[in-house]
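Have a look at the structure below before the remarks.
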Amino acid sequence: MNSKKIIVCDDDQGILDVLQMLLETEGFIVFTEINSTNLIKQIQNNSPDLILLDLWMPLLSGDQVLKAIRSNNEIKDLPVIVLSASVDGSDIASDAGANDFVAKPFDLDDIISKINNLLAV
C-alpha cells in the first residue's frame, strides 16, 4: 500500500467515479473535485502528491488552474497530469506547465503508469 494522495479534478462525475475507483484499487488515497475553482483550496487542505486535471472545465479551465498552481510557491512543484480530449491538449498542457498529458478517452493502464513514473512508486 503506497497511500500516496491524488486529487482528480474533472467536471464529469462519471470520470471522477471511474478514476477514483481505479486509483483506490491501486492503493492511492483519492480526493475528487468537480469544481475547478475549488482545486487550490482542496490542494492546500489535503496536501496531495499528484493532481489529475481535466483541461476543459466551466468557470476556470485546467490550464488556468495549472498556471495558478505553478505561480504559487507552496505548491508550484506539485506533479500535474492533464487529461483532455482536445487535439491540441498536449501542447496547451505543456505550455501551462503540466508534467504529463493523457488523451481522452484514456487508457487506465497508461494513467497508472504515468502516475507511478511521476511519483517514482
Side-chain angles (χ1 to χ4, degrees):
M1 199 75 149
N2 60 45
S3 67
K4 295 271 189 184
K5 293 187 281 189
I6 296 176
I7 295 178
V8 182
C9 185
D10 197 303
D11 61 326
D12 181 324
Q13 187 64 50
I15 289 176
L16 290 178
D17 293 345
V18 166
L19 286 172
Q20 181 170 17
M21 212 168 30
L22 166 79
L23 295 170
E24 286 176 347
T25 302
E26 292 290 321
F28 295 103
I29 297 166
V30 182
F31 302 94
T32 59
E33 182 55 64
I34 202 160
N35 183 340
S36 58
T37 60
N38 296 334
L39 183 60
I40 301 290
K41 186 182 291 174
Q42 173 89 278
I43 291 169
Q44 291 164 336
N45 290 343
N46 296 305
S47 305
D49 298 290
L50 184 134
I51 306 290
L52 285 176
L53 180 64
D54 183 28
L55 200 54
W56 300 123
M57 289 183 286
L59 303 176
L60 204 55
S61 68
D63 60 320
Q64 290 173 307
V65 176
L66 183 50
K67 286 174 184 169
I69 290 169
R70 293 299 181 237
S71 65
N72 181 324
N73 278 337
E74 291 176 27
I75 56 175
K76 69 178 184 351
D77 297 325
L78 190 59
V80 177
I81 299 175
V82 169
L83 311 169
S84 178
S86 168
V87 289
D88 51 358
S90 179
D91 294 336
I92 295 167
S94 177
D95 291 347
N99 297 79
D100 213 332
F101 176 80
V102 175
K104 288 180 180 178
F106 44 76
D107 176 318
L108 297 176
D109 291 334
D110 186 35
I111 287 182
I112 295 299
S113 167
K114 288 179 186 231
I115 288 171
N116 287 336
N117 285 343
L118 278 173
L119 295 178
V121 183

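- In this structure, CG on Asn45 lies 9.5 Å from CZ on Phe31, to the nearest 0.5 angstrom.
- Side-chain atoms of Arg70 come within 3.5 Å of backbone atoms of Leu78 as a donor-acceptor pair (strictly under, hydrogens ignored).
- Atom-to-atom distance recorded for Glu33:CD and Leu53:CG is 11.0 Å, nearest 0.5 angstrom.
- Salt bridge Lys104/Asp12: absent, no basic N to carboxylate O contact under 4.0 Å.
- Between the CD1 atom of Ile29 and the CD1 atom of Ile7 there is a distance of 11.5 Å, given to the nearest 0.5 Å.
- The CD atom of Glu26 sits 15.0 Å away from atom NZ of Lys4, with the distance rounded to the nearest 0.5 Å.
- With Gln13 as the fixed residue, the side-chain contact (heavy atoms from CB on, under 4.5 Å) test singles out one of Asp10, Ile15, Asp17, Asp11: Asp17.
- The heavy-atom pair separating Ser84 from Gly89 by the smallest distance is OG-CA, 4.3 Å.
- Using a 4.5 Å cut-off on side-chain heavy atoms (C-beta onward), Ile115 and Leu23 make contact.
- Contact of the Ser61 side chain with the Leu55 side chain is not registered, since no non-hydrogen atoms from C-beta on lie closer than 4.5 Å.
- Of the possible polar contacts, none joining the Ser94 side chain to the Ser90 backbone as a donor-acceptor pair under 3.5 Å is found.
- Legend: residues meeting side chain to side chain contact (heavy atoms under 4.5 Å, CB included) with Ala96, ordered by chain and number and at least two apart, are Asp63, Leu66, Lys67.
- Judged purely by atom type and a 3.5 angstrom limit, Asn72 has no side-chain atom pairing as donor or acceptor with the backbone of Ala68.
- Inter-residue side-chain proximity for Leu19 and Val30 is flagged as unmet; no heavy-atom pair is nearer than 4.5 Å.
- Here the CD1-CG distance, from Ile112 to Asp107, works out to 10.0 Å after rounding to the nearest 0.5 Å.
- Going from atom CD1 of Ile51 over to atom NZ of Lys5 covers 11.0 Å, rounded to the nearest 0.5 Å.
- With respect to Thr37, the side-chain contact (heavy atoms from CB on, under 4.5 Å) criterion is satisfied by exactly one of Asn35, Leu39, Ile40: Asn35.
- With hydrogens and angles ignored, the 3.5 Å screen pairs no side-chain donor or acceptor of Asp54 with any backbone N or O of Cys9.
- Atom CD of Glu74 sits in a sparse spot, with 12 or fewer heavy atoms from other residues, nucleotides or ligands closer than 6.0 Å.
- Hydrophobic clustering of Ile, Leu, Val, Met, Phe, Trp and Tyr side chains at less than 4.5 Å, counting indirect connections, unites Leu119 with Leu83.
- Side-chain contact between Ile111 and Ile81 is absent, with no heavy atoms from C-beta onward closer than 4.5 Å.
- Phe106 has its side chain out of reach of Leu52: every pair of non-hydrogen atoms, C-beta onward, lies at least 4.5 Å apart.
- With contacts defined as side-chain heavy-atom distances shorter than 4.5 Å, the pair Ser86/Trp56 qualifies.
- The minimum heavy-atom distance between Val8 and Leu16, with the atom names listed, is O-CD2, 3.4 Å.
- Side-chain atoms of Lys114 never come within 3.5 Å of backbone atoms of Val102 as a donor-acceptor pair (strictly under, hydrogens ignored).
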